[in-house]
Amino acid sequence: MNNGPDLSRHEHPLRLSVPPSPCVVRPARELPPPSSCTHKFLGEMDADAGGSSAITPDAGAETREVTGKNVVVILVGPPGSGKSTFAEAVLAGANTGRPWARVCQDTIGKGKAGTKIQCLKAAADALKEGKSVLIDRCNLDREQRADFLKLGSTVQADVHAVFLDLPTKVCISRSVSRTGHEGNLQGGMAAMVVNRMLKKLETPLLTEGFSRIMFCKDDDDIKQAVDMYCALGPSHSLASGVFGQKSKGPVQSGITKFFKKADTSSVEKSSGTKLTSSERKPGQKNPLSKQENLEAGGTCSMEVEKKLNNMNGNEERSKQIVPADINSSTLAFPSISTADFQFDLERASDIIVDAATEFVQKHDNMRLVLVDLSQKSRILSLVKDKAAKKSIDSSRFFTFVGDITQLHSKGGLQCNAIANAANWRLKPGGGGVNAAIFNAAGEGLQHATKECADTLRPGSSVTVPLPSTSPLRQREGVTHVIHVLGPNMNPMRPDCLKNDYTQGCKILHDAYNSLFENFASIFQSYTGKQNDETSSKKSASRVISPTDSKMKREDSHDSERTKKCKLPPPILTSRQHQERKGTSTLNYHDNTMVPSDAPSQAREEGSKRNGAVTNKSWGSWAQALYEVAMHPEKYKNSNSILEVSDELVVLKDLYPKAKKHVLVISRTDGLDSLADVNKEHLSLLRSMHSVGVKWAQKFVEEDASLIFRLGYHSQSCLSWLLQVPSMRQLHLHVISQDFNSPGLKNKKHWNSFTSVFFLDSLDVMEEIDQHGSAAISSDEKLLAMELRCHRCRSAHPNIPKLKSHISSCKSSFPAHLLKKDKLLSASTFSMDCT
DNA sequence: GTTCTAGAAC
DNA sequence: GTTCTAGAAC
């Protein structure tokens with residue numbers, strides 16, 4: 001609650017905080033009289049906010065002086081909070097002659113990932129030119145802001161913070177649904193990023209060195225702040241202090257709170273139509289439709305939120321007739337791939353109707369329900385029309401408007417199973433149906449899902465029995481969730497089919513077939529053993545892939561593969577097997593590390609089935625580390641293996657990128673990359689780290705000039721889809737920082753060890769300890785970045801020139817590496833010994 | 001992951 | 001003409 005006097009929204013902000021003095025150049029447009037509401041605005045200040053240095057209202061009113069100082073405005077806010085919109089609005093609206101520059105990290109890299117250093121330099125340059133600067137990056141924590149504050153104080157500029165403190169759900173919704181974002185952050189990844197970033201939020205304080213902090217909680221605040229900076233004359237300075245902090249409540253952060261507040265809002269699908277109040281059911285708060293999100297993102301309008309909030313309370317629950325059929329098993333499913341994945345609605349509706357027709361003809365005691373949250377859902381009406389034209393039995397297949405997680409409690413529709421429009425990692429998040437279902441089902445669904453499969457390929461599905469404790473089971477009577485993944489036609493996502501609807505339609509059809517087949521499988525298993533959860537779990541928790549739905553009964557013995565659907569088995573040709581016979585030498589390239597007794601036929605069959613849709617598999621070369629980890633004994637005579645334990649193998653990298661480069665490989669099956677690691681693996685990571693340190697120490701003792709760094713490649717969750725090459729099996733690089741090796745040949749090699757693509761082992765452990773997963777960068781641009789020296793950061797045109805430079809560069813390493821012992825050198829170890 | 005090689009850059 | 005990169009093939 002706002003305890004201060006009401007802020008007059010209609011009066012000009014400059015007048016509110018800056019009473020003009022005779023020598024002030026008045027902005028071109030007419031300003032209201034100066035004195036009327038100064039107190040009002042300053043009365044908004046929270047004297048406690050920002051620590052003890054928050055100034056009193058009167059002091060604030062008196063601080064205005066003609067200084068001619070430049071201003072550094074540090075925008076603070078997560079993606080989607082409107083920082084860029086703010087900065088652009090100031091640039092466009094400034095009308096007093098004060099020159100402004102926007103320093104934007106998203107664009108400063110000119111297509112490549114921008115850095116803080118680039119921003120600092122640009123800001124310094126602009127300040128030198130006499131411009132005031134808007135720092136357009138997230139600046140969420142003190143450390144991120146500190147350098148800009150320092151820069152400001154160095155040039156004696158006023159440093160302000162404008163904190164775009166909007167509701168988390170708004171930022172997530174906007175960043176998820178925007179397109180064409182300068183930093184390429186949008187779609188499902190954006191929700192994750194916003195959520196993660198907000199965990200790091202540290203509210204700006206005057207004690208950091210700001211002369212002024214302004215909180216913008218909504219559209220009006222933003223507009224006021226923009227107007228104020230637009231009207232800030234060259235010789236004006238704004239009052240010091242904290243303004244606009246209206247609530248002392250905890251800062252809302254994270255998607256969890258988002259869902260607690262609006263647990264059904266994110267189920268909204270892209271319907272292509274605007275929502276009206278009548279489309280909402282009681283209790284649904286903040287229903288942000290995709291369409292509205294886009295509008296909100298595009299115009300930075302907070303009106304959306306208000307409008308949506310206003311919808312609550314006077315909505316009427318839509319009356320729907322649910323065909324009663326207590327003898328049928330019911331599957332409720334959302335439209336797959338049409339929202340985030342932008343699949344054409346016409347085509348999608350044809351596919352849904354075709355697949356459903358086929359299904360209901362085959363199974364007369366099961367029914368399918370297409371569900372969408374919006375009554376005006378276009379996909380729903382298309383399907384409805386097409387199903388009617390095909391004369392499908394409407395008691396077996398029908399559409400339903402409602403929240404898929406509350407069909408029984410709110411809609412009176414009892415469903416045995418619900419389908420989830422999952423992501424390929426089968427993890428919560430994303431802000432849509434997926435997030436809503438994981439949220440509604442409770443944590444049990446995550447655990448149950450993990451037992452069934454780790455990942456999902458486009459066109460396939462996996463059935464997960466809900467634990468008896470799941471609220472979704474207890475409240476809604478849903479016994480199974482079937483995760484299904486369709487094709488992606490969204491160019492802003494990394495695995496886009498680029499308008500290839502031939503392939504897209506096939507995958508979508510496969511996805512529905514797989515979903516329906518899995519549903520049928522549950523029912524069949526339940527006819528005999530309705531109360532045997534274990535049994536049903538075993539039979540139901542299978543992944544049905546696009547082409548194996550027809551052969552699922554034939555390969556039911558193949559339990560291991562269906563349990564871990566993530567990895568198509570290595571693709572080995574018969575020639576490779578022949579050539580490989582009897583050999584177990586270490587060689588990534590021709591894959592001779594794969595044991596010669598590999599069950600080749602089964603693998604080939606498996607690869608055909610699994611590779612049918614996307615052909616995205618671990619190439620044979622990528623299996624090498626896995627083979628070493630699983631069967632180190634086969635390579636015991638190789639001098640490449642340095643150490644073997646139950647937990648790990650230490651291997652000399654066969655293509656070292658530095659004088660000393662070894663890999664500490666985990667031997668845990670299924671731990672393919674950092675994306676698979678969670679808190680349970682912390683002790684393994686610690687073991688890997690300490691073994692890595694031990695080897696680094698050994699090498700340093702042999703050659704005291706060596707300096708080591710320990711870390712993991714950012715094998716992101718998207719790498720599989722992006723086909724970014726990587727070696728399967730989690731491995732820690734222990735690499736000397738000379739990078740003096742013929743094995744280091746190209747930009748990708750260099751950047752994979754010297755950009756943020758390389759994640760320090762210490763950071764990874766800390767991240768996992770704190771967040772349960774590593775913050776993996778998914779930006780493929782990282783590996784294509786310009787070549788810069790890892791020590792002095794100088795740029796070089798090509799690898800030979802870079803190599804020449806690094807052979808003699810003696811600059812100190814970047815500060816972030818010098819901290820926390822991320823670099824291991826002779827001094828590190830001698831210190832340890834003393 | 002590497003190797004090979006066409007073609008761009010110098 | 002030589003060097004180097006980047007994409008295809010493995």
Side-chain angles (χ1 to χ4, degrees), chain A residues 111-112 494 498 567-580 583 585-594 598 600 603-604 607-608 611 614-630 635 638 640-641 649 651-658 661-666 672-675 711-716 718-735 739 741-755 757-758 780-788 795-807:
Chain A
K112 296 172 183 172
K498 291 179 183 160
L567 296 174
I571 301 166
L572 305 176
T573 64
S574 52
R575 182 186 61 80
Q576 280 173 314
H577 280 295
Q578 272 187 345
E579 286 174 354
R580 188 169 302 132
T583 63
T585 55
L586 287 165
N587 185 330
Y588 296 166
H589 184 232
D590 65 11
N591 202 28
T592 48
M593 284 172 74
V594 177
S600 60
R603 283 173 175 224
E604 282 181 30
S607 68
K608 277 181 208 162
T614 58
N615 288 323
K616 278 162 188 164
S617 61
W618 296 87
S620 55
W621 53 263
Q623 299 286 346
L625 296 187
Y626 175 77
E627 293 301 332
V628 170
M630 295 302 119
Y635 311 100
S638 156
S640 292
I641 291 193
V649 175
L651 176 76
K652 281 188 204 167
D653 196 298
L654 295 191
Y655 296 93
K657 305 298 183 290
H661 184 186
V662 301
L663 308 177
V664 181
I665 311 167
S666 148
D672 298 321
S673 73
L674 216 45
Y712 298 86
H713 276 162
S714 232
Q715 179 54 58
S716 85
L718 297 174
S719 301
W720 179 55
L721 294 169
L722 289 167
Q723 294 183 280
V724 173
S726 60
M727 302 298 290
R728 172 185 179 185
Q729 199 64 15
L730 181 71
H731 55 281
L732 172 72
H733 290 271
V734 178
I735 184 164
F739 296 108
S741 167
L744 198 153
K745 293 177 175 171
N746 58 44
K747 194 177 259 190
K748 194 167 71 185
H749 292 157
W750 178 254
N751 285 329
S752 72
F753 288 100
T754 60
S755 73
F757 190 86
F758 191 81
E780 71 270 36
K781 288 177 193 159
L782 283 176
L783 297 179
M785 287 195 312
E786 63 187 344
L787 297 165
R788 280 190 178 274
H796 301 273
N798 54 48
I799 289 287
K801 291 201 168 76
L802 172 77
K803 282 189 160 189
S804 160
H805 167 81
I806 59 173
S807 67

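FYI, side chains are in, hydrogens and waters are out, and symmetry mates aren't considered; it's all heavy atoms of this structure. Note that this is a predicted model, so its numbers are computed, not measured.
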Give the rounded distance in Å between these two atoms: [atom1] of [X] and [atom2] of [N].
X        : N     : atom1 : atom2 : answer
A:Asn798 : C:dT2 : CG    : P     : 18 Å
A:Tyr655 : B:dT3 : OH    : C1'   : 9 Å
A:Leu654 : B:dG1 : CG    : P     : 12 Å
A:Leu625 : B:dG1 : CG    : P     : 9 Å
A:Lys652 : B:dG1 : NZ    : P     : 19 Å
A:Lys748 : B:dG1 : NZ    : P     : 8 Å
A:Asp672 : B:dG1 : CG    : P     : 14 Å

Open item on the list: Under the rule for side chain to side chain contact (heavy atoms under 4.5 Å, CB included), what residues qualify as partners of A:Lys745, not counting sequence neighbours?
Closed with: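 Result, side chain to side chain contact (heavy atoms under 4.5 Å, CB included) vs A:Lys745: A:His749.
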Open item on the list: Donor-acceptor check, side chain of A:Asp653 to backbone of A:Val662, threshold 3.5 angstrom: yes or no?
Closed with: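 Not at all, since once roles are kept as given, no pair shorter than 3.5 Å links the two residues.
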Open item on the list: Donor-acceptor check, side chain of A:Lys657 to backbone of A:Tyr655, threshold 3.5 angstrom: yes or no?
Closed with: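 Here the side-chain-to-backbone pair exists.
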- [ ] Using side chain to side chain donor-acceptor pair (under 3.5 Å) as the criterion, list what pairs up with A:Ser741, not counting sequence neighbours.
- [x]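 With sequence neighbours excluded, A:Ser741 shows a side chain to side chain donor-acceptor pair (under 3.5 Å) to no residue whatsoever.
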- [ ] Mind checking side chain to side chain donor-acceptor pair (under 3.5 Å) for A:Ser752 and listing every partner two or more places apart, or none if nothing turns up?
- [x]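 Counting only residues at least two positions away or on another chain, A:Ser752 forms a side chain to side chain donor-acceptor pair (under 3.5 Å) with A:His713.
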Task: CD1-CE distance between A:Ile665 and A:Met630, expressed to the nearest 0.5 angstrom - done: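 Taking CD1 in A:Ile665 and CE in A:Met630, the distance rounds to 9.5 Å.
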Please enumerate all protein N or O atoms sitting under 3.5 Å from an N or O of nucleotides 8-10 of chain B, with distances to 0.1 Å.
none

- [ ] Please work out whether the ring planes of A:Trp750 and A:Phe739 are parallel, tilted or perpendicular, with thresholds of 30° and 60°.
- [x]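 Rings of A:Trp750 and A:Phe739: perpendicular, over 60°.
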- [ ] Give me the ring orientation class for A:Phe758 and A:His733: parallel if the planes are under 30° apart, tilted from 30 to 60°, perpendicular past 60°.
- [x]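 Judged by the thresholds at 30° and 60°, the geometry between A:Phe758 and A:His733 is tilted.
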Task: side chain to side chain contact (heavy atoms under 4.5 Å, CB included) partner of A:Ser666, chosen from A:Asp672, A:Leu730, A:Leu625 - done: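 Testing each of A:Asp672, A:Leu730, A:Leu625 against A:Ser666, the sole residue satisfying side chain to side chain contact (heavy atoms under 4.5 Å, CB included) is A:Leu730.
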Open item on the list: Does a side-chain N or O of A:His749 approach OP1 or OP2 of B:dT2 to a distance below 4.0 Å, or not?
Closed with: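 Answer yes for this pair, as a side-chain N or O of A:His749 is under 4.0 Å from OP1 or OP2.
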TODO: Ignoring backbone atoms, test whether A:Lys657 places a side-chain nitrogen or oxygen under 4.0 Å from the OP1 or OP2 oxygen of B:dG1.
DONE: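 Checking B:dG1 against A:Lys657, no side-chain N or O comes under 4.0 Å of OP1 or OP2.
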Write out a two-atom table: protein N or O, nucleotide N or O from nucleotides 4-6 of chain B, distance below 3.5 Å.
none

